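Each chain gets a letter, A, B and so on, in the order the sequences are listed, and its residues count up from 1. Remember, it's a predicted structure, so these values are computed and weren't measured experimentally. These values consider heavy atoms only, across backbone and side chains, with no hydrogens, waters or symmetry-generated copies.
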Amino acid sequence: MGNVPSAVKHCLSYQQLLREHLWIGDSVAGALDPAQETSQLSGLPEFVKIVEVGPRDGLQNEKVIVPTDIKIEFINQLSQTGLSVIEVTSFVSSRWVPQVAAGATEISVFGAASESFSKKNINCSIEESMGKFEEVVKSARHMNIPARGYVSCALGCPYEGIITPQKVTEVSKRLYSMGCYEISLGDTIGVGTPGSMKRMLESVMKEIPLGALAVHCHDTYGQALANILTALQMGINVVDSAVSGLGGCPYAKGASGNVATEDLIYMLNGLGLNTGVNLYKVMEAGDFICKAVNKTTNSKVAQASFNA
Amino acid sequence: MDTLPKQVKIVEVGPRDGLQNEKNIVSTPVKIKLIDMLSEAGLSVIEATSFVSPKWVPQMADHAEVLKGIQKFPGITYPVLTPNLKGFEAAVAAGAKEVSIFGAASELFTKKNINCSIEESFQRFDAILKAAQSANISVRGYVSCVLGCPYEGKISPAKVAEVTKKLYSMGCYEISLGDTIGVGTPGIMKDMLSAVMQEVPPAALAVHCHDTYGQALANTLMALQMGVSVVDSSVAGLGGCPYAQGASGNLATEDLVYMLEGLGIHTGVNLQKLLEAGNFICQALNRKTSSKVAQATCKL
């Protein structure tokens, strides 16, 4: 399951950002850093799909509101990098039909493994949210529109603290059986460490096929790449990230948010894994958006490469 | 995670590797206070200073005063860097009980850094090691550029193994393998360690990962999976990278401790006190911390 055509996800933000842009790009060979050997650890997937969430998760959590034309230019630049999935979605609500009419080719639904988080975030219980998502996902599927499911707080919750792997599995399974083609497991507040990542994935992988899983690690405590490495070692081959590590953390003021796509690609290239993404072009897009929103990049690769 | 060590010894290099590579110089009392705070935080090895000529490293000019001025807690060692015999003698005179020497797995790096070949550097080290043995002083060896060199590029695992083996056989009790410019990634770390572990027992090895490209913690995790149980890090991630302007340097001790605690690995470190030490030195240096854990916990 899960053969979705490479496409840019469209969105209708409340500012009515709309660009009809179905992009099916050629695979651009990942540019290897000249100092790296292609050494492959055994047991790792050969190809890793990167889901770029900068324009959505990233910009949404930045203090500055980004003008529409900058957003469009940013997305256009990302489209030239080889990234096959660039998420620009907004939240699904009962008003999603106009989004579809406007050309959306994919939707996302956001669940959580924590009751408190669910209540505070979308003002309903997990059970109620699943009911709503089920309607939306089923209707989308009737129209041949794929749905991606997200599970927040997969490794910890800002309100409840510890979240059991069983709960994550339960929620993931609901989303998967209602028709989501892929479930992105999110360490929303970045508290996870390789041990908790492993335990959570072991549980989820008993119920959901590996090919339908993704990880979405936040770098709030600097653990993201170590957690992603752990996920890769378990066979996960879809990873969410954000160019320049855009997006802070709304639960820890001053903290960082998403893992930087540049740093992720650097690691994957070094591991000899194929991504289809050109690191240098991603760095250029990152440089563009950082200048445009007047902020320093959170990507260490970018910091090391663009002289301060 | 079944093969991870149950405990990890953290070698805190902030006061030396960290401060040495910071733009701003801090006063002797500040250095002493930092080291005392790190001692209170439960670290068992704190690299205190470097007995190198102030001409080359002005940040470490007060090495004797620092070593004499710090509180020496029982159970904690305070190694100091000694690039040559002269530095070694000055260190011993100032009360040093442990010293560190720096080799490299790259000829060009050795040439540019200490103006001699790798073979010649071994001769210099031999003098220090012999003197140290007579004086009952432990010597820790470092190998720089183990995952890549700013001048040579790729470094072969075999070369790293050769240099490491030599330092170990000369009498270094532990060898710290340094990804000096942070270019390494987990696969390359694994290849390098596989080669080295054929020559030197894992218990005598440490890793010293720089976070220049954000890879330090992932590389450290790989090393732990391979059986390494000694990790170097720097409070607040102090120390930039002299080879990539604007880039970051050391792995932040706070972030390392966070991961190890999450893995249930014993470190003996009190994270709260460590954060306080990091906060103190960053204020003194007038810089922001490079530790993500510190950034997340700081309410400012």
Exercise for review: Would you mind checking which part of B:Asn219 comes under 4.5 Å of any heavy atom in chain A, side chain (CB onward), backbone (N, CA, C, O), both or neither?
Suggested key: neither

**Study point:** Interface moiety of A:Val259 toward chain B, non-hydrogen atoms closer than 4.5 Å
**Key:** neither

Review point. In Å, rounded to the nearest 0.5 Å, how long is the span from OG1 of A:Thr230 to CD of B:Gln225?
Key: 6.5 Å

Check your understanding: Is there a side-chain contact between A:Tyr266 and B:Thr185 (heavy atoms, below 4.5 Å)?
Key -> yes

Review point. Is there a side-chain contact between B:Tyr213 and A:Asp263 (heavy atoms, below 4.5 Å)?
Key: no

Review point. So with a 6.0 Å cut-off around NZ of A:Lys295, is the heavy-atom count from everything else above 12?
Key: yes

**Study point:** Residue part contacting chain B, namely of A:Leu225, when any heavy atom lies under 4.5 Å
**Key:** both

Review point. Is there a side-chain contact between A:Lys300 and B:Asp211, using heavy atoms and a 4.5 Å cut-off?
Key: yes

**Study point:** Exceeds 12 heavy-atom contacts within 6.0 angstrom, atom CG of A:Asn294
**Key:** no

Exercise for review: For residues A:Leu271 and B:Gly187, report the shortest heavy-atom separation together with the two atoms involved.
Suggested key: CD2-N, 3.4 Å

Practice item. Of all the heavy-atom pairs spanning A:Ala304 and B:Thr212, show the shortest one and how long it is. Key: CB-O, 3.6 Å

Review point. Just by distance, do the side chain of A:Gln223 and the backbone of B:Asp255 share a donor-acceptor pair under 3.5 Å?
Key: yes

Exercise for review: May I ask you to name which of B:Ala218, B:Ala252, B:Gly264 has the most heavy-atom pairs under 4.5 Å with chain A?
Suggested key: B:Ala218

**Study point:** Closest contact, heavy atoms only, A:Pro194 versus B:Leu221
**Key:** CG-CD2, 3.7 Å

Revision key, fill the gap. Nearest heavy-atom contact between A:Gly222 and B:Lys292 is N-CB, 3.3 Å

